[in-house]
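A short worksheet on the structure shown next.
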Amino acid sequence: MNPVDALTEIAELLERERSSRYKSKAFRAAAEVIGSLSESEIDDTASLRRRAGIGDRTLQVIVQARAGGVPEYLADLRERRGVAGGSELRRLLRGDLHSHSNWSDGLTPIDEMAAAARALGHEYLALTDHSPRLRVANGLSPERLRAQLDVVSELSGDGFTLLSGIEVDILDDGSLDQEDDLLDRLDIVVASAHSKLRTPRAAMTRRLVAAASHPRTDVLGHVTGRLVEGSRGTRPPSEFDADAVFAACAAHGVAVEINSRPERQDPPDDLIGLALEAGCLFSIDSDAHAPGQLSLLDYGAERAERLGVPAERIVTTWSLDKLREWTARDR
């Protein structure tokens, strides 16, 4: 097995597990170190051990891969990978409208996210880094977002499109945390609440209805904000009038996100049922913060299929042309 491929796959599987970011970065760093070495240099174990970026675990993986087998650590990660994308709905997904890079709180550069999406067979991926108010996530100022647009524009081609976008914070009054003229330039706007999630029910309802009614909102992201597992602990869902919020989404053609991260599972099953009854569109998204997390779409697709969400109402099953027609509806 090619040792670079083995190290990269390990990094991706660790990212999918939402393991420590330092673990996955170590394997990516090791892959980068040996990527420029000759076979003889890689086989010189004593010299390799002394190179910066190569540790005991990564060296073991390299040696076992060069011996022709699947490294033990990789085999173990593959075994516990979980859902393998076997649902029919997963095979119908053409892309992903929610992902992050190291421009905000993601782990890797934009080009690595785009390359991973291509490798998964995506036709499109929206890069949706955070907006200014979310300082803890290094949210993008208008100036930084404009600079990012130049980078994004260079990474499409050969049947793949990297869409410009943002995960814009929903402010307390329901307005969006970015300049309107800049939002107009983006392909995809995901609007999400990240703060004051325990706002009283009536006020939170007004906040979410206003965001869903905003002409630049395409997707209402992780609508309840809940956490059900993981290293950050658990968090109860926000309280709001779901009928009113989903009615606003349906009226304005805004997709309700089915967030694929296992720690979110947002919206809960009962709210997906209410959104279905309201006539909403849906977007199955990974909310990936690293390349290996793009495959978390497996989980969102499994939930949507189990709950009977029709494929034709999931915007991420649509062609790019149809997706662009939808996002242009109010602009």
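All heavy atoms count here, side chains included; hydrogens, waters and symmetry mates do not. Residue numbers count from 1 along this sequence.
At least one side-chain heavy atom of E17 sits less than 4.5 Å from a side-chain heavy atom of L77. The shortest side-chain heavy-atom distance between R198 and P236 falls under the 4.5 Å cut-off. Here the side chains of N102 and T108 are not in contact, with every heavy-atom distance at 4.5 Å or above. Between H222 and H98, the closest side-chain pair of non-hydrogen atoms falls below 4.5 Å. Two residues are said to be in side-chain contact when any heavy atoms from C-beta on lie closer than 4.5 Å; L120 and D96 fail this criterion. Using a 4.5 Å heavy-atom cutoff, the side chains of L48 and L37 are in contact. Annotation: side chain of I62 is in contact with side chain of I54 (closest heavy-atom distance under 4.5 Å). Counting only heavy atoms from C-beta outward, the side chains of L323 and L163 approach each other to under 4.5 Å.
Once rounded to the nearest 0.5 Å, the distance linking CD1 of I284 with OH of Y299 reads 15.0 Å. The distance from atom CZ of R50 to atom CG of L59, rounded to the nearest 0.5 Å, is 11.5 Å. Here CG of L140 is found 11.0 Å from OG1 of T128. Values are rounded to the nearest 0.5 Å. Here Y73 contributes atom OH and T58 contributes atom OG1; the two are 11.0 Å apart, rounded to the nearest 0.5 Å. Considering OG of S164 and CG of D129, their distance stands at 12.0 Å, rounded to 0.5 Å. L74 contributes atom CG, which lies 9.5 Å from atom CZ of F27 (distance to the nearest 0.5 angstrom).
With respect to E302 and R306, a salt bridge is recorded, a charged nitrogen being found less than 4.0 Å from a carboxylate O. Between E9 and R78 there is a salt bridge, since a side-chain N of the basic residue sits under 4.0 Å from a carboxylate O of the acidic one. Between R185 and E179 there is no salt bridge, since no side-chain N of the basic residue sits under 4.0 Å from a carboxylate O of the acidic one. A salt bridge links R329 with D218; the closest basic N to acidic carboxylate O contact falls under 4.0 Å. Salt bridge R264/E257: absent, no basic N to carboxylate O contact under 4.0 Å. Under a 4.0 Å N-O distance rule, the pair K322/E325 does not qualify as a salt bridge. For the pair R133 and D177, the salt-bridge criterion is not met [side-chain N within less than 4.0 Å of a carboxylate O].
No single ILVMFWY cluster, assembled from side-chain heavy atoms under 4.5 Å apart, contains both L227 and V223. Residues L134 and V219 do not share a hydrophobic cluster, clusters being chains of Ile/Leu/Val/Met/Phe/Trp/Tyr side chains in contact below 4.5 Å. The hydrophobic cluster containing W318 also contains V190, counting ILVMFWY residues as joined when their side-chain heavy atoms lie under 4.5 angstrom apart, directly or transitively. Cluster membership check: V256 does not share its hydrophobic cluster with V228, using side-chain heavy-atom separations under 4.5 Å among Ile, Leu, Val, Met, Phe, Trp and Tyr. V4 and L13 fall within a single hydrophobic cluster, where Ile, Leu, Val, Met, Phe, Trp and Tyr are joined by side-chain heavy atoms under 4.5 Å apart, directly or via other members.
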Inset, instruction - Could you walk me through whether S192 and E167 pass side-chain hydrogen bond (donor to acceptor under 3.5 Å, both in side chains), step by step? - result: CA-CA 7 Å; S192 306; E167 184 182 12; 2.8 Å; yes
Inset, instruction - Please report the C-alpha distance between R91 and E88 in whole Å, then the side-chain angles of each, then the deciding distance to 0.1 Å, and finally whether the side chain to side chain contact (heavy atoms under 4.5 Å, CB included) criterion is met. - result: CA-CA 5 Å; R91 288 187 282 272; E88 180 61 30; 3.2 Å; yes
Legend entry - Candidate pair L296 and R16, rule side chain to side chain contact (heavy atoms under 4.5 Å, CB included), full reasoning: CA-CA 7 Å; L296 294 177; R16 179 183 167 93; 3.9 Å; yes
Inset, instruction - For side chain to side chain contact (heavy atoms under 4.5 Å, CB included), just list the numbers for R303 and I258, CA-CA rounded to whole Å, side-chain angles, deciding distance to a tenth of an Å, and then say yes or no. - result: CA-CA 9 Å; R303 286 188 72 218; I258 297 177; 4.3 Å; yes
Inset, instruction - Please report the C-alpha distance between T327 and D187 in whole Å, then the side-chain angles of each, then the deciding distance to 0.1 Å, and finally whether the side chain to side chain contact (heavy atoms under 4.5 Å, CB included) criterion is met. - result: CA-CA 7 Å; T327 61; D187 295 311; 5.9 Å; no
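Scanning both residues, A212 and V254, for their nearest heavy atoms gives O-CG2, 3.3 Å. In plain terms, the two heavy atoms of M1 and P71 that are nearest each other are SD-CD, 3.9 Å. Minimum interatomic distance between R80 and D76 (heavy atoms only, all atoms of both residues): NH1-OD2, 2.5 Å. Pairing each heavy atom of L197 with each of G225, the nearest pair is CD1-O, 4.0 Å.
Below 30°, between 30° and 60°, or above 60°: for H194 and H130 the angle between ring planes is above 60°, a perpendicular geometry.
Heavy-atom neighbours of R146 CZ from other residues, nucleotides or ligands within 6.0 Å: above the threshold of 12. The 12-atom threshold is not exceeded at CZ of R135, counting heavy atoms of other residues, nucleotides or ligands nearer than 6.0 Å. Surrounding CD of E72 are at most 12 heavy atoms belonging to other residues, nucleotides or ligands under 6.0 Å away. Around CG of D56, the count of heavy atoms belonging to other residues, nucleotides or ligands within 6.0 Å does not exceed 12. Open room surrounds CD on E39; 12 or fewer heavy atoms of other groups in view lie less than 6.0 Å from it.
No donor-acceptor contact under 3.5 angstrom links the side chains of D241 and T205, judged on distance only. A side-chain donor from one of D285 and S283 sits under 3.5 Å from a side-chain acceptor of the other. At a cut-off of 3.5 Å, with distance as the only test, a side-chain donor of D287 or N259 sits close to an acceptor on the other residue. Side-chain atoms of Q293 and H100 form no donor-acceptor pair, as typed in the model, at a separation below 3.5 Å.
Under the 3.5 Å distance criterion, the side-chain polar atoms of E112 are left unmatched by any main-chain donor or acceptor of P109. With hydrogens and angles disregarded, no donor-acceptor distance shorter than 3.5 Å links the side chain of S175 to the backbone of L171. Between the side chain of R207 and the backbone N or O of D173 there is no donor-acceptor pair closer than 3.5 Å. A donor-acceptor contact shorter than 3.5 Å links the side chain of N138 to the backbone of W103. Looking at Q64, its side chain never comes within 3.5 Å of a backbone N or O of V61 through a donor-acceptor pair. With hydrogens and angles ignored, the 3.5 Å screen pairs no side-chain donor or acceptor of R28 with any backbone N or O of A11. For R57 (side chain) and K23 (main-chain N/O), no donor-acceptor pair under 3.5 Å exists by modelled atom type. Looking at H214, its side chain does come within 3.5 Å of a backbone N or O of R216 through a donor-acceptor pair. R94 places no side-chain N or O within 3.5 Å of a backbone atom of Y124 that could act as its donor or acceptor partner. In this structure a side-chain-to-backbone donor-acceptor pair under 3.5 Å is missing from E263 to G230.
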